[in-house]
Amino acid sequence: MSFSKKIALFSTSVVTFFLFVVPSAFAQDGGAVAQQAANAVAELDKTAATGGMNLIAAALAIGIAACGCGIGQGRAAEGALQGIARNPSAYSKIFTPMIIALALIESLSIYALLVALLAIF
């Protein structure tokens, strides 16, 4: 047997020992384990009712906000591009306010993200 095969066999034996033999040394009384499991399930049931709704509310909040902000940014860019297309010399007067408006629209999306995170936590 080569050295690498011996190492593989030894490491497999050690892992098997730690997976199957060692946990039985730390086993608790069956009643205590059942009680801990029942307590964990009861706590999970309490948090699942409110936690799931918080996640759904957060997902809806950020989804609706992202759609609204996307539509708003598209409409703002459309108006600015139409204005520039009709009057190219007004580029400098249209571009800066459009960038500011897009930044404000994006800040609303970030604010909605913060509200969604607050709803989760």
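When all heavy atoms are compared, the tightest approach of A80 to M98 is CB-SD, 3.2 Å.
Among pairs with a residue in residues 59-103, those fulfilling ring-ring contact (aromatic ring centres under 6.0 Å, His included) read Y91-F95, at least two apart in sequence or across chains. Residues in residues 58-79 take part in no ring-ring contact (aromatic ring centres under 6.0 Å, His included) pair, two or more places apart or across chains.
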Can you list, pair by pair, the side-chain donor-acceptor contacts under 3.5 Å of residues 103-118, counting residues two or more places apart and other chains?
from: E106; atom 1: OE1; to: Q73; atom 2: NE2; distance (Å): 2.9
from: S107; atom 1: OG; to: L104; atom 2: O; distance (Å): 2.6

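Residues satisfying the side chain to side chain contact (heavy atoms under 4.5 Å, CB included) test with A90, not counting sequence neighbours, are N87, I94.
Between the CD1 atom in I84 and the OG atom in S89 there is a gap of 10.5 Å [rounded to 0.5 Å].
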